[in-house]
Amino acid sequence: MDKMTTILQPDHVTIPGVSEPAKSRATRRVRGLSDRAIAWLFVAPTIALLLAINIFPLVWMIRLSFTSLNLSMSYLPLRFVGLDNFTDILSDEDVWIRLQTTAQFVISSVALQVVIGLGLALLINRQFRGHSFWTTMILLPMMLSPAVVGNFWTLLFQPQIGPFNYLISLFTGVPPSSFSMTGEVALAPWTIVLVDTWMWAPYVMLICLAGLRSIPDYIYEAAEVDRASAWRQFWSITLPMTVPFLMLAVLFRAIENFKMFDMVNLLTSGGPGSTTELVSITLKRAAFEKWRTGYSSALAIILFVTVFGAANIYVKVLNKVKQR
Amino acid sequence: MTATVAKSTAHSIVESTPRARAVAGSLVILYAVITILPLVWIVATAFKSQSDAIAYPPKVLFQPTLEGYVNLFTVRTRQTPDFIAKLPPPETWYDKLVRQHDMVIAGPSKVVPRFVNSLIIGFGSTFLAVFLGTLAAYAFSRFRIPLADDLLFFILSTRMMPPVAVAIPIYLMYRQLNLTDTRLGMILLYTAVNVSLAVWLLKGFIDEIPREYEEAALVDGYTRLQALRKVVLPQAVTGIAATAIFCLIFSWNEYAFAVLLTSGEAQTMPPFIPFIIGEGGQDWPAVAAATTLFVVPIVLFTVLLRKHLLRGITFGAVRK
């Protein structure tokens, strides 16, 4: 059964006369607040804060998305333009290209992270000596600030002085200053994927590890009795039983990458040209450089609806994982 | 024979052969070393002189210096050698260091106020988020709340919102309320983002504390609030600490809101570090020094948190 519903069994209701235990508890609590009052008192501040800082702005944004507001010309009266912003965005070829760029980035980096993450998890699950120390080392990048990460990889990727190009030239003989990881149309998207994978493959690994540890040993023992090959065991036991966990990792990474802003803004700021311009960078430019508030609000809503949909699936997968 | 084959092919932890373990171990260690290499490079760059930092080929061995740190904490101006010759003799080692480059220290840089902002905003929002989160999590864990599942989803979904998207209306709202570029504004904002994680995470921790403890306390005549304070909170203290560190790490690392909503007064470290410019372009040793100072607490927290990491990043749903 869903865990959430188990917790919400009615044994803590204080409506008198409903059931014997409830009644006795209600009469006992003469001093102090009733459970119902406490519940509301405890939940209300959080909900109020979220309403003030998330929902109210969101509603405001929905309203603005129907206007032609431009903050650099805010002396103009607020003019309602209906769905114009939305039709502008959806018929703008550029926006579609940005969405495509974003999708390519999301798919390639999540795929790479799943491969590396699952691989690492299978290796670490062998519990070699010192595995917990090295696991902690691998986890470091994901705890760092994406902005700071973007900034220091900029140094590492400097064609002349950076160690990255130098190492590549050591192994391939290509002169280090002949290519720029962040400045070339062909390389820049892969640079973003590379740094993102450096940061987040450990995340996939951690979740896969939890999945692997949740598989009871006796299943493998049974497979041994049936003389199932290692491959067969992997395909018929390990993989299917880690899939819900993998799904969780994929979904979360996809959501995070879809709205990714910080790392890219510092690493390439969308460039060269607009090869790495993810939707969030377009949004930031429209909102805070061109000050097209109405237009960018509409774009933000499109982005938000997408993430919200994904979040919905995320919670479903989460509950499925929790049931195990 | 068959037994050994069976053993070497098994996936289960118990049955891995020493050889399989050694192979797995060396691959993981190789990956880990490649992973930390960039970090090591940055920490090393912080101790290079400007000329060593921009040397070609990149220098692995170098004479360590604190120039980067001196440059990070001070604003320097270039002067003619004549001007420097007329100054009183250098009093400190860093005076000497700066004058070697025909420079004098003009004053402190902005790094300390930015670091203080990071601390105030980080701890302020963490405290608020954990306080509100504990109350809400307790309520969700112990009481029947109508539409609890929907409320929990609503709380989680606020964290999924793209910061760049929400920043537009928040910017407008903050302008009306005079909260732009204030620490209070940033604290409230980060509290709102963190509280969702705090509720989900703490609910998981509190769910694990047996209800019987409280029931017993209630039978002994405690009120709900007393039971919470004297029975539940002491039991949940590890969970609360872990939650607090996760919240702190988030506010410490946050960049998008910081760069869009602050410009000076309340600016934190992440938007500040990339713009540390020295004489003649990017001052890499100083940037690396700032990065190192900024990253050290996170490294410590990661080591402290390793047992809780999985919970923290899946909103408490998956535990090891």
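- For F153(B) and F308(A), the ring centers sit closer than 6.0 Å to each other.
- Contacts of L71(A) with chain B are made by side-chain atoms alone, with heavy-atom separations under 4.5 Å and no backbone atom involved.
- Within the 4.5 angstrom heavy-atom criterion, no atom of I219(A) approaches chain B.
- Interatomic distance, CG of L139(A) versus CG of L309(B), reported as 5.5 Å (0.5 Å rounding).
- Looking at N253(B), its side chain never comes within 3.5 Å of a backbone N or O of P146(A) through a donor-acceptor pair.
- With values rounded to the nearest 0.5 angstrom, L310(B) atom CG is found 10.0 Å from R213(A) atom CZ.
- Closest approach of K259(A) to R159(B), counting heavy atoms only: NZ-O, 3.3 Å.
- A287(A) touches chain B through its side chain: at least one heavy atom from C-beta onward sits under 4.5 Å away, while N, CA, C and O do not.
- Scanning all heavy atoms of the two residues, the minimum distance from L132(B) to P45(A) falls at CD2-CB, 3.5 Å.
- Among the candidates P57(B), P270(B), G133(B), the residue making the largest number of heavy-atom pairs closer than 4.5 Å to chain A is P57(B).
- Judged by distance alone, with hydrogens and angles left aside, the side-chain atoms of W41(B) form no donor-acceptor pair with the main-chain N or O of P163(A) at under 3.5 Å.
- Contact of N265(A) with chain B is made through the side chain alone, with heavy-atom distances under 4.5 Å.
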Decide yes or no on ring-ring contact (aromatic ring centres under 6.0 Å, His included) for F42(A) and F143(B), but give the supporting numbers first.
CA-CA 11 Å; F42(A) 280 11; F143(B) 303 126; 7.3 Å; no

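- Here L172(B) is the residue among I36(B), V287(B), L172(B) with the most heavy-atom pairs under 4.5 Å with chain A.
- With a 4.5 angstrom heavy-atom cutoff, L155(A) touches chain B via backbone and side-chain atoms both.
- Residue R285(A) qualifies as enclosed at atom CZ: its count of foreign heavy atoms under 6.0 Å is above 12.
- With a threshold of 4.5 angstrom between heavy atoms, L248(A) approaches chain B through side-chain atoms but not through N, CA, C or O.
- When heavy atoms are compared at a cutoff of 4.5 Å, A52(A) approaches chain B solely by way of its backbone atoms N, CA, C and O.
- For the atom pair F294(B) CZ and S145(A) OG, the distance stands at 5.0 Å (nearest 0.5 Å).
- Both the backbone and the side chain of I124(A) come within less than 4.5 Å of a heavy atom in chain B.
- Each of V195(B), V166(B), T158(B), I170(B) was scored for a side-chain contact (heavy atoms from CB on, under 4.5 Å) with I53(A), with one residue passing: I170(B).
- Using a 4.5 Å cut-off between heavy atoms, L299(A) makes no contact with chain B at all.
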